[in-house]
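Since the structure comes first, as structure tokens, the remarks are kept for the end.
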Amino acid sequence: MKKIIIAIDGYAGCGKSTTAKLVAKALDYVFIDTGAMYRAVTYYFITHQIPFQEPSDELLNQIQLRFFKVDDQPQIFLNEQPVYQWIRTKIVNENVSQVSALKNVRKFLVKQQQEMGLEKGIVMDGRDIGTVVFPNAELKIFMQASMEARVKRRFEELQTMNILMTEEEIRLNLIDRDYQDMNRQESPLKKADDAIVLDTSNLTIENQVNKVLELAYEKIRS
Ligand code: DC
């Protein structure tokens, strides 16, 4: 069967990663959460006390990111250490937009993301997948949802990870990240002209997955 690239972009808290993961599972495709890659680099900067300025290639080349399955879920490893419990903490949430705005960081990660898609059969979620990483992706989805729905989702997700943030803290962080992600100079968050908008405010995860799968099967059959 023909393999395609599925790019899922949109705001934080719309269910992008959860949907992408389940769509990838249903199609037996690779799932890549690029937000986790930006978060892991941010975690590296914080733990190594690196200032949030354009890093050199030499510095970036000390950062190795890999996804390995843990309990059947793809999780990110930084220099062979499992960091997936740490990348969703408040300190990373508060600094990831600054680190992901750095041109050299984006260049470093986009190159790796493009290599991951060489053989297609991939579902990748992020902010610039349909616009920059895979402008020729066969299927591009742009997810949006009301602030209320996004806060609720993030709150529940963080609770399952035992990360304590109030709904108000989450709301303020989402507003701040939306602003920074949409207004940065390098690859700002924006809908690709040929992306299909999916508003997930009133959809269950199952609904979201089924909608994306329907669109994917159309593309695979065409
Ligand atoms: O999807 P997320 O909330 O885990 O992403 C964390 C941050 O990383 C987000 O605020 C912006 C940045 N990001 C990005 O700039 N480009 C991507 N492709 C993915 C994430």
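Counting starts at 1 for both ligands and their atoms, in listed order.
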For D128, the ligand 1 atoms with a heavy-atom partner under 4.0 Å come out as 16 (N), 17 (C), 18 (N)
Partner of E138 under side-chain hydrogen bond (donor to acceptor under 3.5 Å, both in side chains), chosen from K219, K120, K2:
K120
Selected option - heavy-atom contact closest to atom 9 (C) of ligand 1, from R127, R106, R39, M124
R127
Relative to the heavy atoms of S97, which atoms of ligand 1 are at a distance of less than 4.0 Å?
10 (O)
In plain terms, say whether D9 and R127 are close enough for a salt bridge, that is, a side-chain N and a carboxylate O under 4.0 Å apart.
no
What protein heavy atom sits nearest atom 7 (C) of ligand 1, and how far away is it?
V96 CG2, 3.6 Å
Provide the number and element of each atom of ligand 1 under 4.0 Å from a heavy atom of D181.
9 (C), 10 (O), 11 (C)
Return yes or no for this condition: an N or O of T34 is under 3.5 Å from an N or O of ligand 1.
yes
Run Y84 and F67 through ring pair (Phe, Tyr, Trp, His ring centres under 6.0 Å) and show every step you take.
CA-CA 10 Å; Y84 49 91; F67 286 91; over 10 Å; no
With a cutoff of 4.0 Å, is R184 in contact with ligand 1, counting heavy atoms of the residue only?
yes
Where do G117 and I5 come nearest, in terms of heavy atoms and distance?
O-CD1, 3.8 Å
Please verify whether a non-hydrogen atom of R88 lies at under 4.0 Å from ligand 1.
yes
Could you check atom 6 (C) of ligand 1 against the protein and tell me its nearest heavy-atom contact, residue, atom and distance included?
R177 NH1, 3.5 Å
Ligand-side contact atoms (ligand 1) for residue partner S100, heavy atom cut-off under 4.0 Å
11 (C), 12 (C), 15 (O)
With a 6.0 Å cut-off (strictly less than), is the heavy-atom count around CD of E80, excluding the residue itself, greater than 12?
no
Using 4.0 Å as the upper bound for N to carboxylate O, is an ion pair formed by K107 and D128?
no
Got a sec: does the NZ of K69 have more than 12 other heavy atoms crowding it under 6.0 Å?
no
